[in-house]
Amino acid sequence: MTNLFALVDCNNFYASCERVFDPKLEGKPIVVLSNNDGCIIARSNEAKALGIKMGEPAFKAKDTIEQHNVHVFSSNYTLYGDMSARVMQTLGQFTPNLEVYSIDEAFLDLGNFYGRDLNEYAGEMRSTVRAWTGIPVSVGVAPTKTLAKLANRLSKKSKKADGVLVLTDERHIEEALRRTEVGDVWGMGRRYAQKLAGFGIHTALDLRNVSDAFAKKHLTVVGLRTVRELRCEPCQDLELVAPNKQNICTSRSFGASVTTLSQLQEATANYASRCAAKLRRQQSCAGAVTVFVETNRFRETDAQYFNSRTIALPTATSSTLELVHYANLALQALYRPGYRYKKSGVIVSELRPQNQVQTSLLDPVDRDKHQRLMQVLDKLNSTWGRDKVTCAAQGTTRPWQLKCEKKSPCYTTQFKGLLWIETR
DNA sequence: TCTGGGGTCCTAGGACCC
DNA sequence: TCTGGGGTCCTAGGACCC
């Protein structure tokens, strides 16, 4: 075997971030809520033990939360993003080849490390991240990404593993596959698990033993890759450079129902503006913009309306002014009075690199001027904080803005450095 | 009263072309 | 008895991930 991957995953990441900055919360149940304080999207182990479920609407867990004095936080993505960067930077000490897979996970290439004591090396990663950032992590090591994921999952479940599991020995791999339900395999979701159950395939070991033809037929080529990876045949390499996004979406549920066009226009202008800023950050321009609106599907007695409208842009752009303009046109075409709107969003698509935009001879827009204006806008907003300079269309009263009543301070970005925490 | 917000990839089927 | 067939593009829908 020549390939070896580690998957490092932060335990209960958002909950752990909150706990780092408030040591009183050690050993206490914590949950973190989604945008708008709607659903529970992270739970500390203590909260999991109380039976609080992932994705559960917060109001359904209200009794449990009150009874057991669960600490509740609105999500604070500024804090989590910064803590994530610190974790990733720390992991960079352990390999030159690292893929940041998500805000709380990274794959590390350990291809040349077969000579070492892998348990010890993985344990060192774990203790270093804990010491340098305060975040507890688990480490799975195996010959393929899919098996590393599986090892990581088991490392959290077993007390003996203590957050580190190395799967290189065939007997250990087989035992691990036997203990893993097929729906817990990376790439096998609920639907596939149901379907596979119909064929008598219940564990990862069962899945590993299906034929290629079966996998391709029922799980597509993606599933076939998964099956092969369970057999220790690597089909997925590390992605060292994050590819640019092909679509960018900004959408939110409203804090309260919105009925008027002008309020929807304000919200939509803000989402379009966020999309434009995200486009510029990856130096792309969009060829099309889509706006969608939704009423509250959970209120069955309300009249329902879901619709979207896409506008092809005459020239691809990342200008806030243009995107706000076209998003507004799309919205006006969509808007129907008489509904209580719960959510809207903007998607920009047909993205291409900024420097490969075809301009038209008849283009009425002074693109150089727009670009210089956007540079100044981005500079001001990065120095003084998001949305310090906006379009008038974005409004100032923001009655539609989401709720986040229990947000913690942005400890790491507001107070420069860690000194403040350590002296507390 | 109260139910998140992002993304990716694959496939099937229709339109259209020669 | 024998009904053309292959390629490409687009879209909607379905599956998955965190």
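Here is how names work: the chains are called A, B, and so on, in the same order as the sequence lines, proteins then strands, and each is numbered from 1. Just so it is clear, the structure is predicted and the values come from calculations on it, not from any experiment.
The phosphate of B/dG6 (OP1 or OP2) has a side-chain N or O of A/Ser251 nearer than 4.0 angstrom. Residue A/Lys149 places at least one side-chain N or O closer than 4.0 Å to OP1 or OP2 of C/dC18. At least one side-chain nitrogen or oxygen of A/Arg252 sits closer than 4.0 Å to the OP1 or OP2 atom of B/dG6.
As rounded to the nearest Å, C/dG4 and B/dC17 have C1' atoms that lie 14 Å from one another.
Residue-level contact check: A/Arg297 touches neither bases nor backbone, having no heavy atom under 4.0 Å from any strand. Residue A/Asp37 is out of contact with every strand shown, counting any heavy-atom pair closer than 4.0 Å. Residue A/Ile248 is classed as a sugar-phosphate contact, given heavy-atom separations below 4.0 Å to backbone atoms only. Using a 4.0 Å heavy-atom criterion, one finds that A/Glu105 contacts the sugar-phosphate atoms exclusively. Counting any heavy atom pair closer than 4.0 Å across all strands shown, A/Lys60 reaches no nucleic acid atom. Residue contacts for A/Lys195: at a heavy-atom cut-off of 4.0 Å it reaches no nucleic acid atom on any strand shown. Using a 4.0 Å heavy-atom distance criterion, A/Thr250 is classed as a sugar-phosphate-only contact. Nucleic acid contact class of A/Arg299 (heavy atoms, under 4.0 Å, all strands): sugar-phosphate only. Among the heavy atoms of the strands lying under 4.0 Å from A/Lys278 are primed sugar atoms or P, OP1, OP2 only; no base atom is included.
Using the six-membered ring where Trp is involved, A/Tyr271 and A/Phe254 have ring planes that are parallel, under 30° apart on the 30 and 60° scheme. Aromatic ring orientation, A/Phe199 versus A/Phe214: perpendicular (interplanar angle above 60°, classes split at 30° and 60°).
With the nearest nucleotide of DNA chain B identified for both A/Asn296 and A/Thr220, A/Asn296 has the one nearer the 5' end.
We find that A/Arg225 and A/Glu229 are not joined by a salt bridge, their nearest charged nitrogen and carboxylate oxygen being 4.0 Å or further apart.
If you check B/dG5 for Watson-Crick or wobble pairing at under 3.5 angstrom, you find it paired to C/dC18.
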